[in-house]
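Here the structure is laid out as structure tokens; the discussion comes afterwards.
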Amino acid sequence: MNKSTKSIAFFLLLSSIILPILPTITVAQEENIVFKVSASALPDEWDPVVTDWYNVIYGSYAVFAVQYPIGTPAYYTAGTLGPIEDEWVGILATDWELERWPSEENSADPPFNNSGGIRTATFTLRENVTFHDGSDWNATVWKWNIDRMNIISGNYTGKCRNTDDNEAEGNLMNTIIVEDYKTYFTETWNMTKFDSPYLGLIPPDLGKEPKVTDYAYYNLGPNASLVEYPGVDDILPNNTIRNPAPYGGWDYVSAAAIHYAPYDRYPIVDYVEILENPKSGGKIKVYFNHWTTSGLAGWVNMPMLSYHSYRNSYTTRGIYGYENGVDDDRNAGPVTHMIGTGPYIYIEHDETGTPAGGYMLKNENYWNKTLLEADGWFDVDRYEVINFPTGQLGEDSKNTAMLTHAIDFAYDSMYMPLDYDAVLRNKNIRYESTGATTYKTNIVLNSINETWWAWPGYDAWRKVQYPRAGDKPAGGVPRAMRKAMGYAFNYDLMIHTALNDRAVRGGGVLGSPNIYYNDSIPLADYNVTKAREILLTTESDISGEVYTTIDVNSSYWPNPDLYNFSKMCADRSLTASSSDADWRYIADNNPIYTLNFYWDSAHEDVKSVLLTSLRNIGCTLKDKTGATNRVTTIIWDTVRIGHLTTFDGIYSLFSCGAWVMDEDLSHTSPELNLFWAHVDPDKGRWRTLGGGGITSWHYWGNFGFNFNERADYYNDRMWTSDPMERKIWINKLAHVEQTVVFPKIWCYEALGGWALWKDWEFFTVKNTGGHNTGLFGGISISFLRYVGLPEDFALIPGAPLLVTLTISAVSTLGIIYAIMRKKKLK
């Protein structure tokens, strides 16, 4: 009784706090129609040439301000079911025509015919489109945008900065390594003109450094004079530009030359030609160097910036910051940000506000305004973003804001979930599920033992070259153990209990939302009996030791019983008839294997399920409680600079056993992610060349070191194959990884969705993810109509809301009050 009395008293006290606020929350829209949305991301740059894309400034503002030439529908198949150009939706372009390279035999082993490569793409531009500054969208503008982004990313002028906070400049994106594609060149498609002498693994002799002509150039095209390129000082008579001082000396840490420009590389785009150049609209033709099958590669389809406003200071440099009128020292002076052609004009974002956020205003000169308004859409005058901090307080505040109508729209994401049950109970909120998200939660199992990094002599070299990665020797998880762990992991416990059914089983390499996904490819399921059988019958797992002439030269003869799990089980009296309790007893007292696993606070449930699962096969975790192996930041912060950091000051990617990661894989274009996650950056050249086989000392991508020769070959095949054939090679790559290599435990794919208050009517735009036209899970703010809520709408929508508001009540209500006060003032 006393407990109930206290609860009633608390709810009465809480109501006294809430009731004065709720009337301001539920007032009808006034003359200016405002749409308020939530976000949960850090601020960063928005300029497409320097942004990392995953930030609140690009994801919540730029997608509505700066538009793409071409859009794609939600059912887009990336050319896997027919010509890719038939699926495009015109935004700033209205028509297009693609010319393909001839299908010819290459010199691969075995040779095959390349297919589907696009040689040129001709685009017709939409007329009567203006930027926010009043300037026209035309052929000059599009050519400048493509050229600008290639000039900056390739640093063809030598003016890019190379510092930690703006490393995107000169990052060589959209340039291709000649060596990687030599065997795939054909009689017609051949880029050997960009090949230059190899620098080697030791500093070149004085006076023999590579010359300017050894580096790639960028071609401005035959009618470059139609465009101004301020800051591009040395345009050669043939309209090409080269970095005047490309060689920056020798980096003794990475044992590689410092390049300020592409070396032994070629740009994806050959050049852009203006075919028609009127004041508004026009026509351009893009010529490609690379065997691209997308037709939009090489910065061709990127958010279009105002040539009029940005060309003078930002043709050779990126645009930084997001505060209008502020003189950021990385810019040439104060900047007005996001001058594009979109339906909304960016005004401000204040990350120091309480809460952080900003707003945009309707573009009254938007090129599609008349048609949208004639159909009853484009109602929103003011679009506001509330940037909630990640973590429990931010999550609680976002839920409170959504349930009290302080905001109109919110995503339901795995890292900042909505109170799903409370939202569903509210009759005035519409919830739409988007199904499994493209983010996949995986446990990466370090496979470094199957690479040359594990050889003692070369691992010792690694510890000298990458001292910040720790001095522990390379150490991974043997293949048989990786396979056993894949079958031992309790996916049912993870999904149904830990995640309350707000996820589905992980779909393996590709993930179930991917257009290339094939559910017939085997995937380890929850089968403890099979997991134990793998360990009981593995007498010699030599997958962890690569025997080549290098081993002989190094006198490297590891103990053949090193990974004899059958013997380990027998030594512990474990058999196929041993009970669950027997296996768990061994795990707790004399484990067969101890996994050095790292996780962050967002994946505590993954660690708990993994520990429970491993105990069922006589294994355990090095750290069961989080005393040493729970990292203080997010896992990705460590992994993305893996050779320059450690998880705990001791163990790094090279030396630990496993870690958990949320990996994003685009549902239409997984190729780059597959390369980074599953392909040997040395393309396996070390496997067959004996003692001289190490062709590169670099650590690039493939964070789990799961190198496989067949995977490398399938990866190369997919890049030079038509999309309809590409799915064959992508699925073969997935088959190898899921049935041979077992580099990861594919835990789950979180279910996503969004919530929208019903005082808004909407038109679902069939478009991918939002980056091409600015969408929220299929809703564009250009296709919203304000209709108001029913007259009987309750100011306090029942007990479930009160229950929700009890969580961090004072802090969350303070934030909500600030949101509503801000709304009234502005």
Side-chain angles (χ1 to χ4, degrees), residues 442-447 449 475-499 505-506 522-544 559-599 603-629 656-660 738-739 741-748:
N442 305 324
I443 295 174
V444 181
L445 301 172
N446 188 358
S447 309
N449 289 7
V477 183
R479 184 175 296 186
M481 181 57 71
R482 300 199 304 264
K483 183 177 181 180
M485 287 178 176
Y487 282 100
F489 191 83
N490 193 332
Y491 306 98
D492 297 331
L493 178 65
M494 184 79 249
I495 293 168
H496 302 312
T497 303
L499 299 175
R505 174 65 209 280
L523 186 64
D525 55 3
Y526 177 47
N527 189 333
V528 176
T529 300
K530 184 167 184 175
R532 292 171 180 172
E533 179 185 350
I534 292 167
L535 298 182
L536 288 167
T537 58
T538 301
E539 295 184 358
S540 180
D541 179 3
I542 62 169
S543 64
N559 183 350
D561 287 336
L562 184 61
Y563 301 134
N564 189 334
F565 296 112
S566 176
K567 184 176 185 299
M568 293 179 193
C569 291
D571 290 344
R572 292 161 174 80
S573 300
L574 291 171
T575 67
S577 60
S578 296
S579 68
D580 292 345
D582 292 336
W583 286 89
R584 292 168 187 159
Y585 177 84
I586 292 300
D588 295 337
N589 295 279
N590 185 19
I592 297 169
Y593 190 86
T594 299
L595 182 66
N596 189 15
F597 171 73
Y598 289 83
W599 73 97
H603 297 95
E604 190 70 34
D605 50 3
V606 176
K607 185 274 297 185
S608 297
V609 174
L610 178 61
L611 177 59
T612 299
S613 302
L614 292 181
R615 291 183 71 238
N616 288 326
I617 58 170
C619 300
T620 191
L621 296 180
K622 176 187 174 186
D623 176 19
K624 303 180 183 66
T625 64
T628 59
N629 286 37
C656 81
W659 57 91
V660 62
Q738 292 172 207
T739 65
V741 181
F742 298 96
K744 300 176 184 179
I745 300 174
W746 288 281
C747 301
Y748 63 86

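Just so we're clear, the structure is a prediction, and the values are computed from it rather than from any experiment.
- D492 pairs by the side-chain hydrogen bond (donor to acceptor under 3.5 Å, both in side chains) definition with nothing, not counting sequence neighbours.
- For S566 (side chain) and L536 (main-chain N/O), a donor-acceptor pair under 3.5 Å exists by modelled atom type.
- Among residues at least two apart or in separate chains, salt bridge (Lys or Arg N to Asp or Glu O under 4.0 Å) pairs with a member in residues 562-574 are K567-D571.
- Each of K530, R532, E533 was scored for a side-chain hydrogen bond (donor to acceptor under 3.5 Å, both in side chains) with Y487, with one residue passing: K530.
- A donor-acceptor pair is defined here as one N or O able to donate and one able to accept, closer than 3.5 Å; such a pair exists between the side chain of Q738 and the backbone of P522.
- One N or O on the side chain of S578 and one on the backbone of T575 form a donor-acceptor pair closer than 3.5 Å.
- Under the 4.5 Å side-chain criterion, counting only non-hydrogen atoms from C-beta, D605 is in contact with L499.
- Residue S573 holds its OG atom at 7.5 Å from CD1 of I586, rounded to the nearest 0.5 Å.
- The structure places CD1 of I495 at 9.0 Å from SG of C747, a figure rounded to the nearest 0.5 Å.
- Side chain of N446 to backbone of C656: a donor-acceptor contact under 3.5 angstrom is found.
- For the pair L621 and N596, the minimum side-chain heavy-atom distance is 4.5 Å or more.
- Side chain of D582 to main chain of S579: a donor-acceptor pair is present (N/O by atom type, distance under 3.5 Å, no hydrogens or angles).
- Contact of the I745 side chain with the N442 side chain is not registered, since no non-hydrogen atoms from C-beta on lie closer than 4.5 Å.
- A donor-acceptor pair is defined here as one N or O able to donate and one able to accept, closer than 3.5 Å; such a pair exists between the side chain of N564 and the backbone of E539.
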### Task
Give the C-alpha distance, both sets of side-chain angles, the deciding distance and a yes or no for side-chain contact (heavy atoms from CB on, under 4.5 Å) between L574 and I592.
CA-CA 10 Å; L574 291 171; I592 297 169; 3.9 Å; yes

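- Side-chain contact between V606 and I443 is present, with at least one heavy-atom pair separated by less than 4.5 Å.
- Using a 4.5 Å heavy-atom cutoff, the side chains of F742 and M485 are not in contact.
- Formation of a donor-acceptor pair under 3.5 Å by the R479 side chain with backbone atoms of S447 is not found in this model.
- The main-chain N or O of P478 is never found under 3.5 Å from a side-chain atom of N449 such that the two would form a donor-acceptor pair.
- Side-chain N or O atoms of S613 include one that pairs as donor or acceptor with a backbone N or O of N490 at under 3.5 Å.
- Here the CZ-CG distance, from R482 to L595, works out to 12.0 Å after rounding to the nearest 0.5 Å.
- Under a 3.5 Å cut-off, the side chain of D541 and the backbone N or O of A480 do form a donor-acceptor pair.
- Scanning for side-chain hydrogen bond (donor to acceptor under 3.5 Å, both in side chains) contacts around T628 gives D623, with sequence neighbours left out.
- For the pair T538/Y563, no side-chain contact is recorded, criterion being any heavy-atom separation below 4.5 Å from C-beta on.
- The ring of F597 has its center closer than 6.0 angstrom to the ring center of W599.
- Nearest heavy-atom pair, Y526 versus A488, reported as atom, atom and distance to 0.1 Å: CE1-O, 3.5 Å.
- Between I617 atom CD1 and R584 atom CZ the span is 12.0 Å, to the nearest 0.5 Å.
- Side-chain polar atoms of D580 and N616 form no donor-acceptor pair below 3.5 angstrom.
- Partners of Y491 under the ring pair (Phe, Tyr, Trp, His ring centres under 6.0 Å) rule, at least two apart in sequence or in another chain, are F489.
- Among all heavy-atom pairs drawn from R505 and W746, the shortest one is NE-O, 3.1 Å.
- Considering only heavy atoms from C-beta on, C619 comes within 4.5 Å of M481 through its side chain.
- Residues satisfying the salt bridge (Lys or Arg N to Asp or Glu O under 4.0 Å) criterion with E604, sequence neighbours excluded, are K607, R630.
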#### Entry: Residues W583, C569; criterion side-chain contact (heavy atoms from CB on, under 4.5 Å); working and verdict
CA-CA 10 Å; W583 286 89; C569 291; 4.2 Å; yes

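- R615 is linked by a salt bridge (Lys or Arg N to Asp or Glu O under 4.0 Å) to D588, counting only residues two or more places apart in sequence or in another chain.
- Here the side chains of L614 and T620 are not in contact, with every heavy-atom distance at 4.5 Å or above.
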